[in-house]
Each structure stands twice: as structure tokens, then as C-alpha cells.
Q: 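After the C-alpha cells below, expect a handful of questions from me.
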Amino acid sequence: MEEQNQNWKDVIYEQVSEKENKPKKNKSKKTKHMKLVVGAAIAAGVLVPAVFGSFYQIQEQEQAVLVTFGKPKAVTETGLHFKLPFIQEVRKVNTTIQGFPVGYTEENNEMVEAESIMITSDYNFIDVDFFVEYRISDPVAYLYGSREPEQILRNISQSCIRNVIGSYVVDDVLTTGKSEIQAKIKEMIMAQLEQQEIGLMLTNITMQDSEPPTTEVMEAFKKVETAKQGKETTLNNAEKYRSEKLPEAEAEADQIIKNAEAAKQTRINEAEGQVARFNAMYEEYRKNPEITKERMYYEAMETVLPDVKLVIDSGDGVEKVLPLEKFSGGETVTADTEDNNGGE
């Protein structure tokens with residue numbers, strides 16, 4: 001049995017040895033073939049990406065930065081461009097207008113108190129919201145000039161907004177000064193961006209809303225605005241009344257002035273006439289003083305005693321019959337001379 005088992009072992013060993021010796025030539029051929037396939041695959045894996053990676057496309061509203069050995073260069077022309085594989089790197093930026101809110105969240109429109117609550121020049125608190133619009137103007141400065149250019153722009157915007165709002169009274173911020181405030185803030189931000197050189201350009205800034213920060217303050221401001229409107233209404237009514245009454249008063253004043261001028265001229269004329277009469281009388285007086293005195297006396301008596309009838313007798317000794325009227329009844333009484341009475 002042992003010999004039989006040993007024979008079987010020898011047979012199996014010979015068969016295995018034959019099988020191991022036979023495929024040596026075939027195995028070496030397969031190994032070479034596999035190496036070629038793997039090398040070709042590796043070459044294809046390297047060359048195909050390199051070939052396709054040598055070209056890049058710049059779309060509209062895009063710009064690119066081509067980096068060669070760490071040195072960036074802006075590429076602004078749209079279309080297909082070539083770069084050296086494994087040597088040059090391309091980074092693209094979006095040049096469309098973008099924006100961010102200041103004072104509220106864009107997702108749910110909730111107020112951000114740390115950004116929106118500000119103080120005016122008259123020491124009033126106010127809640128103001130803004131929206132800042134910008135775009136990338138220099139891709140090289142945007143990518144390599146600073147770490148977070150958008151955050152820098154946000155900080156600059158908040159600083160400029162607070163500076164400008166703090167120079168206006170609360171009424172201007174709420175009502176008539178919005179356009180002027182926006183213009184000043186925009187000018188200040190653009191000047192700051194030019195100094196910082198972060199590759200961003202401000203396109204616009206808009207004041208979205210401005211209101212008092214609390215309900216009580218809002219009610220107070222509403223009352224103030226109502227009082228202002230009442231004041232404006234009263235002023236307008238007063239101006240209307242003035243416009244209506246002023247022409248009448250001016251016409252009345254003109255009439256009074258004209259009447260006064262007429263009275264003045266009348267008095268002047270009367271005075272000049274009296275002066276002329278006095279001068280004429282004085283000339284007559286110089287010529288005949290006694291006669292002038294008597295005439296003046298008689299004229300004065302006529303003025304003082306207008307109802308008394310005067311009889312002037314020359315005193316020449318001739319007897320006359322003078323009709324005299326009774327003071328009470330006005331009947332005529334004949335006064336005869338002594339000669340006529342004696343004759344009866």
C-alpha cells in the first residue's frame with residue numbers, strides 16, 4: 001500500500017511540474033501585452049485631458065485670469081482661448097451686476113438691527129435699509145488684491161452710510177433728503193473703493209426704506225408729520241387770504257393817497273389864493289390906509305352880524321326919512337323928521 005501511494009504521489013508531482021513549466025512562455029507574452037495596454041491607457045489618460053485642458057471658453061459677462069508660474073494676467077475677450085497644460089491656470093469671474101442688502105436679510109426681509117439702526121445729527125434714532133449693487137471691474141485685483149473683497153465692500157458701505165446719515169436731521173432722512181443722501185453715499189463709497197483697489201466697482205446704492213425704530217416713535221413722527229401738514233395748510237390758507245385781501249387793501253390805500261393828494265392840492269390852492277388876496281389888500285392898504293380900514297371893518301361886521309341892516313349917514317345935515325324894520329316883526333316904521341311932524 002505504501003508503494004502504491006508513493007507512485008500516486010510521483011505521478012501527481014510530475015503532472016503539476018509539467019503544468020508549471022508549460023505556460024512560462026505564454027505568461028511572459030501576456031505580461032508584455034498588459035504593460036503596453038496599461039502604458040497606452042496612462043498615456044491616453046494624461047494626453048487627452050492635457051489636450052482638452054489646453055482650451056478654455058470665456059462667455060459673455062465673464063472675465064478670466066490666466067496664471068503663469070504664479071503671475072496673473074487678465075483675459076477680457078470672450079471666445080475660445082489656449083493655455084499651456086500643467087503650466088498655466090485659468091480662474092474665471094462673473095462680471096454681471098450683483099448686490100447685497102444693508103439693514104435687512106434678503107431671504108425673509110427681516111430687519112438686522114446692528115446694520116439698520118442709526119443716529120441722525122439731531123440725535124434721533126432711525127431705521128434705514130439700503131441695497132448695494134456692484135460688479136467686478138478688475139478680476140486680477142478681485143482675486144489677488146484681497147482675501148474677501150465683498151466683505152470689504154460691505155464694511156465700506158456701512159461706514160459711509162452711517163457717516164452720511166449722521167450729518168442729516170431725521171426729517172430729511174424720512175422725507176425730502178433721500179436723493180441727496182444716496183448721491184453722497186455713492187460718491188463716498190466710490191472714493192473708498194478707488195483707494196482700496198479690491199477690483200470691485202459700485203454701480204448703484206438705493207435707500208429702500210426709512211422709518212422710526214419703534215412703534216411709539218413712529219406714532220410720534222406721524223403726529224409731527226400731521227402737525228407739519230396742518231402748518232402747511234394754514235400757511236397756504238393765509239397766503240390765499242393775503243392774495244385776496246392785498247389787492248383790495250392796496251386799492252384802498254391808493255384811493256386814500258389820491259384823496260390826500262387832492263386835499264393837499266386844494267389846501268395849497270386855497271392858501272395861495274388867500275396869500276394873493278392878502279397881498280392885493282396890502283397893496284390897497286398901502287395906497288389908502290383909512291379907506292381900507294373902514295372897508296375891512298364893515299366887511300368884518302357883515303360877517304359877525306349878518307342879519308343886522310346898516311344905514312350909513314354921511315352926516316351932511318340934510319334931514320332924511322329912514323325906513324326902520326322892527327326887530328320883532330319886520331314891519332317898516334317911518335321915522336319923520338321934526339319939520340314933518342310940526343307941519344301936521
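None of these values were measured; they are calculated from a predicted model. All heavy atoms count here, side chains included; hydrogens, waters and symmetry mates do not.
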Q: Among residues two or more places apart or on two chains, list those pairs meeting side chain to side chain donor-acceptor pair (under 3.5 Å) that have a residue in residues 256-267.
A: Gln255-Asn259, Gln265-Asn269
Q: With a sphere of 6.0 Å drawn around CD of Glu250, does it hold more than 12 non-hydrogen atoms of other residues, nucleotides or ligands?
A: yes
Q: Is the side chain of Thr175 donor-acceptor paired with the backbone N or O of Asp171 at a distance under 3.5 Å, no angle test?
A: yes
Q: Going from CG on Leu235 to NZ on Lys231, what distance comes out if it is rounded to the nearest 0.5 angstrom?
A: 6.5 Å
Q: Name all residues meeting the side-chain contact (heavy atoms from CB on, under 4.5 Å) criterion together with Ile136; count only those two or more places apart in sequence or in a different chain, and write none if there are none.
A: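 For Ile136 the side-chain contact (heavy atoms from CB on, under 4.5 Å) partners, ignoring immediate neighbours, are Val93, Tyr142, Leu200.
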Q: Less than 4.5 Å apart, side chain to side chain, heavy atoms only: is that true for Ser159 and Asn155?
A: no
Q: Please report the closest heavy-atom contact between Asp129 and Gly103, naming both atoms and the distance.
A: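 Closest approach of Asp129 to Gly103: OD1-O, 3.4 Å.
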Q: If we only count heavy atoms from C-beta on, is the Glu211 to Ile126 side-chain gap below 4.5 Å?
A: no
Q: Name all residues meeting the side-chain hydrogen bond (donor to acceptor under 3.5 Å, both in side chains) criterion together with Asp209; count only those two or more places apart in sequence or in a different chain, and write none if there are none.
A: none
Q: With a 3.5 Å distance limit and no angle check, can you tell me whether Ser121 reaches the backbone of Val169 through a side-chain donor-acceptor pair?
A: yes
Q: Per the side chain to side chain donor-acceptor pair (under 3.5 Å) rule, what does the pair list look like for residues 59-74, sequence neighbours excluded?
A: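 For residues 59-74: Thr68-Gln88.
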Q: Before giving the answer on side chain to side chain contact (heavy atoms under 4.5 Å, CB included), spell out for Asn236 and Lys240 the whole-Å C-alpha distance, their side-chain angles and the decisive distance to 0.1 Å.
A: CA-CA 6 Å; Asn236 292 334; Lys240 180 181 178 182; over 6 Å; no
Q: List in chain and number order the residues that pass side-chain hydrogen bond (donor to acceptor under 3.5 Å, both in side chains) with Asn94, two or more places apart in sequence or in another chain; answer none if no residue qualifies.
A: Thr96
Q: Applying side chain to side chain contact (heavy atoms under 4.5 Å, CB included), run through Glu133 and Leu202 and close with a yes or a no.
A: CA-CA 6 Å; Glu133 296 177 278; Leu202 181 71; 5.8 Å; no
Q: Surrounding CD of Glu194 (heavy atoms of other residues, nucleotides or ligands, distance under 6.0 Å), is the total greater than 12?
A: no
Q: Is there any salt bridge (charged side-chain N to carboxylate O under 4.0 Å, His left out) pair reaching into residues 88-107, and which pairs are they, with sequence neighbours excluded?
A: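 For residues 88-107: none.
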Q: Kindly give the heavy-atom pair with the smallest separation between Pro247 and Ser243, and that separation in Å.
A: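 Closest pair (atom of Pro247, atom of Ser243, distance): CD-O, 2.9 Å.
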Q: For Lys245, check side-chain contact (heavy atoms from CB on, under 4.5 Å) against everything at least two apart and list the hits.
A: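 For Lys245 the side-chain contact (heavy atoms from CB on, under 4.5 Å) partners, ignoring immediate neighbours, are Tyr241, Glu248.
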Q: Is the shortest side-chain heavy-atom distance between Met201 and Leu193 below 4.5 Å?
A: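 No; the side chains remain at least 4.5 Å from each other.
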Q: Below 4.5 Å, heavy atoms only, C-beta onward: do Gln182 and Thr206 meet side chain to side chain?
A: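 Contact flag for Gln182/Thr206 side chains = yes.
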Q: Indicate yes or no for a side-chain donor-acceptor contact from Ser210 to the backbone of Val173 under 3.5 Å, with no hydrogens or angles considered.
A: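 Yes, the answer is positive, given that a donor and an acceptor are paired below the 3.5 Å cut-off.
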Q: Between Ser157 (side chain) and Leu153 (backbone), is there a donor-acceptor pair under 3.5 Å?
A: yes
Q: Any chance you could measure Lys223, atom NZ, to Lys228, atom NZ, to the nearest 0.5 Å?
A: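 Rounded to the nearest 0.5 Å, the NZ-NZ separation comes to 15.5 Å.
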Q: Quick one, Ile161 and Val102 - any side-chain contact, counting heavy atoms below 4.5 Å?
A: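 The answer is yes, as the side chains (C-beta and beyond) meet within the 4.5 Å cut-off.
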Q: Could you please spell out the steps behind the side chain to side chain contact (heavy atoms under 4.5 Å, CB included) verdict for Ile205 and Ile189?
A: CA-CA 10 Å; Ile205 182 167; Ile189 294 176; 3.9 Å; yes
Q: How would you list, by chain and number, every residue that makes a side-chain hydrogen bond (donor to acceptor under 3.5 Å, both in side chains) with Glu299, sequence neighbours excluded?
A: Arg295
Q: Any side-chain heavy atom of Glu150 within less than 4.5 Å of one from Ile152?
A: no
Q: If you look at every heavy atom in Ala74 and Pro139, which pair is closest and at what distance?
A: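 So the two residues come closest at CB-CG, 4.1 Å.
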Q: Can you measure from CD1 (Ile198) to OH (Tyr134) and round to the nearest 0.5 angstrom?
A: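 Rounded to the nearest 0.5 Å, the CD1-OH separation comes to 9.5 Å.
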Q: How close do Pro72 and Val140 get, counting heavy atoms only, and between which atoms?
A: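 What the structure gives for the nearest pair is CG-CG1, 3.9 Å.
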Q: Sequence neighbours left out, what pairs pass salt bridge (charged side-chain N to carboxylate O under 4.0 Å, His left out) with at least one residue falling in residues 174-188?
A: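 Qualifying pairs, neighbours excluded: Glu180-Lys184.
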Q: Roughly how far, to the nearest 0.5 Å, is the CG atom of Leu246 from the CD atom of Glu239?
A: 9.5 Å
Q: For a quick check under 3.5 Å, do Thr105 and Asn108 share a side-chain donor-acceptor pair by atom type?
A: yes
Q: List the steps and the verdict of side chain to side chain contact (heavy atoms under 4.5 Å, CB included) for Met207 and Ile181.
A: CA-CA 9 Å; Met207 184 185 292; Ile181 290 172; 3.7 Å; yes
Q: Shared ILVMFWY cluster between Ile117 and Val112, side chains joined below 4.5 angstrom?
A: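 Each belongs to a different hydrophobic cluster.
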Q: Do Asn279 and Glu283 have side-chain N/O donor and acceptor atoms under 3.5 Å apart?
A: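 The criterion, which ignores hydrogens and geometry beyond distance, is not satisfied for Glu283 and Asn279.
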Q: Can you tell me if CZ on Phe278 sees more than 12 non-hydrogen neighbours from other groups inside 6.0 Å?
A: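 Counting other residues, nucleotides and ligands, CZ of Phe278 stays at 12 neighbours or fewer.
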Q: If you round to the nearest 0.5 Å, how far is CE of Met118 from CZ of Phe125?
A: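 Between Phe125 CZ and Met118 CE, I get 12.5 Å after rounding to 0.5 Å.
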Q: With salt bridge (charged side-chain N to carboxylate O under 4.0 Å, His left out) as the rule and sequence neighbours excluded, what pairs involving residues 113-128 come up?
A: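 Listed once each, the pairs are Glu115-Arg154.
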Q: Tell me every residue that passes side-chain hydrogen bond (donor to acceptor under 3.5 Å, both in side chains) with Thr203, counting only those two or more places apart in sequence or in another chain.
A: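 Here no residue qualifies.
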Q: For the SG atom of Cys160 and the CD1 atom of Ile156, what is their distance to the nearest 0.5 Å?
A: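 Reported value, rounded in 0.5 Å steps: 7.0 Å.
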Q: With ILVMFWY side chains joined below 4.5 Å, transitively, what does Phe131's cluster contain besides itself?
A: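 Besides Phe131, the hydrophobic cluster comprises Tyr104, listed by chain and residue number.
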Q: So, does Asp172 use its side chain to make a donor-acceptor pair with the main chain of Tyr168 at under 3.5 Å?
A: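 The answer is no, because no donor-acceptor pair under 3.5 Å joins these two groups.
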